[in-house]
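So that the names make sense, note that chain A is the first sequence line, chain B the second, and so on, each numbered from 1.
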Amino acid sequence: MDERKVRVRFAPSPTGPLHIGGVRTALYNYLFAKKHQGDFILRIEDTDQTRFVSGAEEYIIESLKWLGIEPNEGVGFGDGQFAPYKQSERKNSYRQYAEQLVASGNAYYAFDTSEDLEAMRERLKASNVDAKYDSITRSTMKNSLTLSEDEVKQRLENKEQFVIRLKVPRKEEVKLYDEIRGWVNVNTSSIDDKVLFKSDGMPTYHLANVVDDYLMNISHVIRGEEWLPSAPLHVLLYRYLGWESVMPKFAHLPLLLKPEGNGKLSKRDGDRLGFPVFPIEWKDPTTNEILSGYKQNGYLPEAVINLLAFLGWNPGTAQEIFSKEELIQAFSIERVSKHGAKFDVNKAKWFNQQYVRHVDNKILAAELKNNVTEKNISVDEIYVEKVCGLVKEKISFTKELWDYSQYFFVAPTSFDESVIKKRWNEKSAIVLNDIIESFQNSIEFSHSTIENAYNEALIKNEMQSKDFLQLFRVCLSGVASGPPIFEMAELFGKENTILRLETALKNIKQ
RNA sequence: GGCCCGUUCGUCUAUCGGUUAGGACAUCAGGUUUUCAUCCUGGAAAGAGGGGUUCGAUUCCCCUACGGGCUACCA
């Protein structure tokens, strides 16, 4: 690594909600920046005004905040010395560079209408030739290379619509070093004369991205593999603009693939895959369709970061659970894999489960309390916390809290039938009554005194615990599984526990 | 079609010429947990195919196959 200060950027376009592939790109940029004490920048690439989606920009900002991978510079995170960070607000800075390329003979004005272009493509297709605007075809089109100088001047003065295209050499090897893949060679014969400056006065991605990365002193471009084919074009741009010596290093990340079948994960995959593709919930502004998010599905941001980091990267050790700080320390571009990764729902669930267990009860309680109050149940905060402490071992997602713990707040009215059917016999009621009686006579009501009372009742009635314990659980909670029974009963309290057992007795007796 | 990238257990991956090809998730079988959804132990499970290079290839090179990406005045 050279001495240049590390400055990386995440540059999404606000055409909809950010999906997890994009989130991972942001994450790798973030980790790389922090690892090298560099800057992480958020730049909004909104050069296509026709694809603007309202709310998308805010969504991107909110998502990065939720995940805790906040840029230290950029839209929504405070301007640095390179503001503005939104390309539509930088509109005026691009044309001069396009003009510079025209002046140096590396670009040209083109006046072709979309009909002209269509006709050219039809014509070439008919003769079985690759239809592209390149070193051959440009000589047959309306541009500043074929038109006289006067006519070009005239057209420009008449404010005729034009674009500026890069004059790509006919046949030239372009070498590009990718930090993940090594050297990539591309011949310019396969690249067309890309539009750099559009007729609406905005640059295309190619120009804007190169100009901004240069102006913003970007040291490394870390982006998705879908950009690899156009990277040589960008190298050409740096070269012709005279910036090749400060050209950023490139790293093209492997894509995130759909778990089943083929293709890269896309925004359109929405909810149908059984896991969210968006960090937080997104409501489509035009259709009002709601697409679910990791946040709302009960994932913890730390878990999402951890699992995403491992989709395409690994530290080379057996450790898999990494805090954000640990990821920063361990991360390196060299250990990013070259091939696409399919998202694995099971592994994602496992990651989240690991984190849920270690979350402070207070934080879980805050979420569970919402569910409880939604049901118009008023409850003590400490009680909710204790409930969380007991059930968190049993769940994978925070949104499961209520499902797994509702009997702590509402006494059961139905009882797991398969357990009743399997375990209930003529002695059950007697044992239960003995337990109730013992409880009533007890002064202290802790999990150990509960357990003692329980055991005594079993011995007295010559009953094996393994034949009765689950039945006991069902009588108390209505369901077949849950946290340690005696601790659960302690939390219910003496009166409540007795009441529940009596209710169970009444309901179950056929 | 053209160009580019890739290819190790079902999935994520380790291996930087010599390993019984390792781990994790999932799965299966046991065992704890006096019950369970936790936990522990164990099993099954992989180098796409074909050529080279080499004393020796999963590892390096070539070809084929397959997968993916790109191929717009979209990013």
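Comparing rU59(B) with rU7(B), their C1' atoms are spaced 14 Å from each other, to the whole Å. Across the P atoms, rG10(B) and rC5(B) are found 28 Å apart, a figure rounded to whole Å. For the C1' atom pair drawn from rA72(B) and rC66(B), the interatomic distance equals 29 Å after rounding to whole Å. Between the P atoms of rG42(B) and rG49(B), the separation comes to 31 Å (whole Å). Nucleotides rC4(B) and rU64(B) place their P atoms 13 Å apart, quoted to the nearest Å. The separation of rA21(B) from rC62(B), taken at their C1' atoms, amounts to 25 Å, rounded to a whole angstrom. The P atoms of rU20(B) and rA29(B) are separated by 31 Å, rounded to the nearest whole Å. Comparing rA14(B) with rU8(B), their P atoms are spaced 10 Å from each other, to the whole Å.
In this structure, rU27(B) and rG43(B) make a Watson-Crick or G-U wobble pair, each of the two defining distances being under 3.5 angstrom. Remark: rU54(B) base-pairs with no nucleotide; criterion is Watson-Crick or G-U wobble with both hydrogen-bond distances under 3.5 Å. Here rC3(B) sits opposite rG69(B) as a Watson-Crick or G-U wobble pair (both hydrogen-bonding atom distances under 3.5 Å). A 3.5 Å limit on both hydrogen-bonding distances identifies no Watson-Crick or G-U partner for rU35(B). Across the strands present, rA48(B) finds its partner in rU64(B); the criterion is a Watson-Crick or G-U wobble pair with both atom distances under 3.5 angstrom. Nucleotide rU8(B): unpaired (no Watson-Crick or G-U wobble partner with both distances less than 3.5 Å).
In this structure, Tyr454(A) has its ring center closer than 6.0 angstrom to the ring center of Phe486(A). Taking the ring centroids of Phe492(A) and Phe408(A), they lie under the 6.0 Å cut-off.
Asp48(A) comes within 4.0 angstrom of the backbone, heavy atoms only, and of no base. Counting any heavy atom pair closer than 4.0 Å across all strands shown, Asn185(A) reaches sugar-phosphate atoms only and no base atom. At the heavy-atom level, Phe52(A) lies nowhere under 4.0 Å from the strands shown. Contacts of Gly312(A) with the nucleic acid, taken as non-hydrogen atoms under 4.0 Å apart, involve only primed sugar atoms and P, OP1 or OP2.
For Ser337(A), a side-chain nitrogen or oxygen approaches OP1 or OP2 of rU13(B) to under 4.0 Å. Dashed line: the shortest gap from a side-chain N or O of Arg357(A) to OP1 or OP2 of rC39(B) is under 4.0 Å. At rA14(B), one or more side-chain N or O atoms of Asn314(A) fall inside 4.0 Å of OP1 or OP2 (strictly under the cut-off). Of the side-chain N and O atoms in Lys264(A), one or more sit less than 4.0 angstrom from OP1 or OP2 of rC70(B). Between rA75(B) and Lys198(A), a contact under 4.0 Å exists linking OP1 or OP2 to a side-chain N or O. For His252(A) and rG6(B), the shortest distance from a side-chain N or O to OP1 or OP2 is not below 4.0 Å. Listed pair Thr47(A) / rA75(B) meets the phosphate criterion, a side-chain N or O lying under 4.0 Å from OP1 or OP2. Residue Arg423(A) places no side-chain N or O under 4.0 Å from the OP1 or OP2 atom of rU35(B).
Judged by distance alone, the side chain of Ser323(A) and the main-chain N or O of Glu326(A) form a donor-acceptor pair under 3.5 Å. Without hydrogens or angle criteria, Arg24(A) side chain to Leu311(A) main chain gives a donor-acceptor distance under 3.5 Å.
For the residue pair Tyr85(A) and Asp212(A), no side-chain donor N or O sits within less than 3.5 Å of a side-chain acceptor on the partner.
Leu255(A) has its CG atom 13 Å from the P atom of rC12(B), to the nearest Å.
With respect to the salt-bridge test (charged N to carboxylate O, under 4.0 angstrom), the residues Arg138(A) and Asp193(A) qualify.
Between Tyr205(A) and Trp227(A), the angle of the ring planes stays under 30°, which puts this pair in the parallel group of the 30/60° scheme.
With hydrogens and angles left out, the side chain of Ser190(A) and the base of rC3(B) share no donor-acceptor pair within 3.5 Å. On a pure distance criterion of 3.5 Å, a polar donor-acceptor pair joins the side chain of Lys394(A) and the base of rC36(B). Under 3.5 Å, the side chain of Asn128(A) and the base of rG1(B) form no donor-acceptor pair of N or O atoms.
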